[in-house]
Number of protein chains: 2
Amino acid sequence: MAVSARRGTPLSIDEISAAALRLVDAGGVEALSMRKLAAELAVNPMSLYHHVESKDALLELVCATAARRMSLPTDDDRSWQEQLRALAFAYHRHAREHPALWIYVHAHPQMVANRQMSLWQLLERILRLAGVPEDELRRTSDVLYAFVSGIILSELQGHLPDDPEETGRSLNTAIELIVRGLEGGAAG
Amino acid sequence: MAVSARRGTPLSIDEISAAALRLVDAGGVEALSMRKLAAELAVNPMSLYHHVESKDALLELVCATAARRMSLPTDDDRSWQEQLRALAFAYHRHAREHPALWIYVHAHPQMVANRQMSLWQLLERILRLAGVPEDELRRTSDVLYAFVSGIILSELQGHLPDDPEETGRSLNTAIELIVRGLEGGAAG
DNA sequence: CTCACAGCCATACACCGTATGGTAGCGTGT
DNA sequence: ACACGCTACCATACGGTGTATGGCTGTGAG
């Protein structure tokens, strides 16, 4: 196997997606180009295409890589309110670690079809604890996810005042609103 | 004033932003290029730059144009619950008329600094009616806006099942959750 | 009549994603 | 030992993008 002219080790998908994620985190999605990425890896741009179908496929890969790095709270015996808060904060933390990519994901449908991700399973378990009836589970979890995403999106873009203490309070306001809404019973 | 080679009337900003909005609505933001827009207007690409500073400025213009077309509900004497629902649905309707642009806006901070828009004033008035204390107004309206945006974003991207009746129910679920959350008192 | 200027255009540059086709070296079958 | 195919890599090129630069042209003011 012919090895790259200027590198000892052959390219790997992990190496590619890690470098791409680095570029995106550093300069936003628009800072990721096949040419810059290739330069970063000391490789010819076209070489990337032997590991990745297209730039879109690369971005999907990067999203998956980032998603795998999100650490969810453990599903212990705290009250559902506590667990819901913990999940929201975990998600929030992850978003702040990869803000540019996060925004990209939420503006591109094909990226979040990952409905079987463990995040969703955990959320559903919590909602069951909260007494949401089975036939409302899907809808309610969709809505909650959308709420939290909306909040985080606002924050990442500075729609909210960028005092970190203040954004913390906003996230709290949001979660408490949700909790109280859920405590009030099922929706119609 | 030298008039374009192939057109009787000179270019105008309104004409430009209307055509651009048409292109965006038809094929998404990525379908808008200075060259295609110029072709649409039967004009040389560089001519656009005499009316618009850059493509970013053009997009800002397009966003403003679309925003101006949103029709808000009248501020009448219905209950705050009713008015909140009406506002949410109006916003939702507007999003569905310009889905691609709407997504673009919410992924680009500089586009929604329009905090003095009448939408915000109306929302604050409604929240006052709901008994939200003055020093929570800003935060609460931010949160509500984020919630509804999150829901709409989910819907526009098909995260929600795309049965329109089902998405209607989701939006309802969301709004009722918010209303119940507000009825439960102010957040901490 | 002159001259500034607004509106428009032609050309060119740097960058992008990627189609096409070529090359170097390893693994295997005979 | 030899040929072959296959994998990884690369060079070149095409059509697209935003836009800098500078030139043309017809109108209105002095």
Test side chain to side chain donor-acceptor pair (under 3.5 Å) applied to His51(A) - qualifying residues, sequence neighbours left out: none

What integer distance in Å separates Asn44(B):CG from dG18(D):P? 13 Å

Indicate whether OP1 or OP2 belonging to dC9(D) is found under 4.0 Å from a side-chain N or O atom of His51(A). yes

Just to be sure I understand: a Watson-Crick pair is purine N1 to pyrimidine N3 plus N6-O4 or O6-N4, both under 3.5 Å. Using that and G-U wobbles, which stems of three or more pairs involve DNA chain D? C:1-30 with D:1-30

Listed partners of Arg93(B) passing side chain to side chain donor-acceptor pair (under 3.5 Å), at least two apart: none

If the threshold is 4.0 Å, N to carboxylate O, is there a salt bridge linking Arg128(B) and Glu134(B)? yes

How many whole angstroms separate atom CE of Met46(B) from atom P of dA20(D)? 7 Å

Suppose we screen for ring pair (Phe, Tyr, Trp, His ring centres under 6.0 Å). Which residues come up paired with His94(A), at least two apart in sequence or across chains? His98(A)

In whole angstrom, give the distance that lies between atom NE2 of His50(A) and atom C1' of dA24(C). 13 Å

Those residues that, when tested against Glu82(B), pass side chain to side chain donor-acceptor pair (under 3.5 Å) (two or more places apart): Arg85(B)

Integer-rounded Å distance: dC9(C) C1' and Leu11(B) CG: 13 Å

Go through the structure and list residues passing side-chain contact (heavy atoms from CB on, under 4.5 Å) with Ala146(A), not counting sequence neighbours. Ile151(B), Ser154(B)

Could I get the full list of side chain to side chain donor-acceptor pair (under 3.5 Å) partners for Arg125(B), not counting sequence neighbours? Asp75(B)

Using a 4.0 Å cut-off on heavy atoms, which residues in residues 26-35 of chain B reach DNA chain C? List them by number, or say none. Arg35(B)

Using the salt bridge (Lys or Arg N to Asp or Glu O under 4.0 Å) rule, collect all pairs that involve residues 30-54 of chain B, keeping only residues at least two apart or in two chains. Arg22(B)-Glu40(B)

Could you state the atom-to-atom distance from CG of Leu48(B) to P of dT19(D) in whole Å? 11 Å

